[in-house]
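Right, one structure below, let's go through it.
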Amino acid sequence: MRALVIEEYGPIASHRFQTLPDPSFAADEVLIDVKAIGLNFPDALMLQGKYQKKPQTPFVPGRDAAGVVRAVGSGVSRFKPGDRVICQVLTGAFAEAVAAPQKRCFHMVDGVDFESAAAMITVFNTAYVAVHLRAKAQAGQTAIVTGAAGGVGLAALQMLKALGARTIAIVSSEQKAALARENGADHVILSNGSDVKERIHREVMTRTDNHGADLVFDTVGGDMFANTLRVLGFDGKLVIIGFASGDIPSAKANYLLYKNLAVIGAPLDIQFDHEYDKMVEGVRLTQDLYLKGKVKPNIMTTLPLENLAEAFALITGREVRGKVVLTVG
Ligand SMILES: NC(=O)c1ccc[n+]([C@@H]2O[C@H](COP(=O)([O-])OP(=O)(O)OC[C@H]3O[C@@H](n4cnc5c(N)ncnc54)[C@H](OP(=O)(O)O)[C@@H]3O)[C@@H](O)[C@H]2O)c1
């Protein structure tokens, strides 16, 4: 099979495709013939050796793939050859075949195609963890989403809209603002300009009758974290999703105390170990909302597997609007 191999961490374009034997699979694993692969910001970090987890080289990277089960290990009960599945693994998805633990695989329902499934898995699972499991968002609440035209941002906007929340998106360009509106943003604030801090404060207060927002979903970190924390109202929650700006911020404990605020994390990967059944529910919810037309994958572009470096340049160049998908075969 063809697969991207990281021999040594370095720039994304320095990694090469190689022909490798098909992966072996353990008793609790499923061997999948990959049809489509979703790219994510954390993949870009991993390829460069900047992700929090740094697998030992050489290895095949990649986390999101959709395809057809070719074979299953002796301990696998939930899947059989021929099943259409989506998997979210820690490594191995940038290849024509991947071995995935069954606890990281989910059935694709009829009516969902491979490209959409691959595009949705990490971003909607992340949004589900943030919106439903961590924030426990409710209809009628006002929620701010930063980096709202990115993969996770758009998924969060759509999930919030589907449950009846009011949404404020923060994005860096008019093009991204239009995309955020198409995906459920009731109001958009542009993040460029030197007065961004004051503008976010003014616009959020105007939209909330001076109460402040109930929830923030922050994918950007850096100054955006502080700028949105200060517009939360009484009992507000800021949910940390990621640090796309590359800047990990900190919060002053006295500020949280004084304003009755909570800052909570929404990590995806550890949910599979701790709350697997809830993740199965989340994937079912996403596919159900997709079939009802309430959420969509927002695929910006689809390229062949071998064009992986070109595809990643859209993500690292901050040009991506929605998702980039690679196809196999
Ligand atoms: N919690 C978890 O388990 C989990 C899971 C998946 C992803 N994440 C994290 O969530 C964040 C978003 O991921 P994603 O896949 O949605 O990424 P994405 O599609 O590339 O979107 C990221 C957004 O962040 C904004 N941004 C601000 N500064 C940036 C910079 N210096 N470089 C690139 N983008 C920048 C951009 O929006 P503007 O141009 O509008 O500012 C961009 O649309 C990342 O930090 C990722 O690591 C966390």
Side-chain angles (χ1 to χ4, degrees), residues 12 38-48 50-53 62-64 88-90 104 118-135 144-159 168-181 183 185 188-193 196 200 216-225 227-228 238-249 263-275 279 282 297-301 311-325:
I12 292 172
L39 302 191
N40 294 281
F41 195 91
D43 292 315
L45 297 178
M46 188 176 272
L47 263 64
Q48 299 170 84
K50 295 179 182 169
Y51 192 56
Q52 60 223 27
K53 292 188 188 104
R63 53 189 293 133
D64 288 357
Q88 185 181 23
V89 285
L90 292 172
R104 292 225 163 213
M120 289 196 291
I121 183 81
T122 278
V123 290
F124 276 94
N125 275 352
T126 305
Y128 170 74
V129 169
V131 169
H132 287 273
L133 302 187
R134 302 297 285 134
I144 298 171
V145 180
T146 70
V152 177
L154 289 172
L157 274 182
Q158 294 181 74
M159 276 207 159
I168 299 176
I170 303 185
V171 296
S172 65
S173 71
E174 287 294 353
Q175 253 186 334
K176 289 184 179 183
L179 185 63
R181 282 191 198 96
N183 283 273
V188 181
I189 303 175
L190 288 182
S191 60
N192 41 14
V196 60
I200 290 174
V216 171
F217 296 92
D218 183 25
T219 70
V220 171
D223 290 345
M224 200 50 76
F225 173 89
N227 292 345
T228 51
L238 185 150
V239 183
I240 301 169
I241 296 179
F243 314 107
S245 65
D247 181 359
I248 299 178
V263 174
I264 55 179
L268 175 57
D269 282 329
I270 62 172
Q271 305 295 330
F272 294 99
D273 301 328
H274 292 271
E275 297 194 301
M279 294 313 298
N298 283 296
I299 298 172
M300 177 186 176
T301 187
F312 267 117
L314 294 168
I315 293 178
T316 54
R318 208 168 163 178
E319 285 170 52
V320 68
R321 298 187 301 281
K323 292 291 294 182
V324 185
V325 171

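Indexing begins at 1, ligand by ligand and atom by atom, following the structure's order. Just so it is clear, the values below take in all heavy atoms, side chains as well, and ignore hydrogens, waters and symmetry mates.
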In sequence, state the C-alpha distance, the side-chain angles, and the governing distance for Lys176 and Leu190, and then conclude on side-chain contact (heavy atoms from CB on, under 4.5 Å).
-> CA-CA 9 Å; Lys176 289 184 179 183; Leu190 288 182; over 6 Å; no
If you round to the nearest 0.5 Å, how far is CG of Leu179 from CG of Leu154?
-> 4.5 Å
Could you walk me through whether Met224 and Thr219 pass side-chain contact (heavy atoms from CB on, under 4.5 Å), step by step?
-> CA-CA 9 Å; Met224 200 50 76; Thr219 70; over 6 Å; no
Is there a side-chain contact (heavy atoms from CB on, under 4.5 Å) between Leu314 and Glu319 once you walk through the steps?
-> CA-CA 5 Å; Leu314 294 168; Glu319 285 170 52; 3.8 Å; yes
Is there side-chain contact between Phe225 and Asp247, with at least one heavy-atom pair below 4.5 Å?
-> no
Glu275: side-chain hydrogen bond (donor to acceptor under 3.5 Å, both in side chains) partners, not counting sequence neighbours = Lys278
Within the heavy-atom cut-off of under 4.0 Å, ligand 1 is lined by Phe41, Pro42, Thr122, Thr126, Gly147, Gly150, Gly151, Val152, Val171, Ser172, Lys176, Thr219, Val220, Ile241, Gly242, Phe243, Ala244, Ser245, Ala266, Pro267, Leu268, Ile315, Arg318, Val320
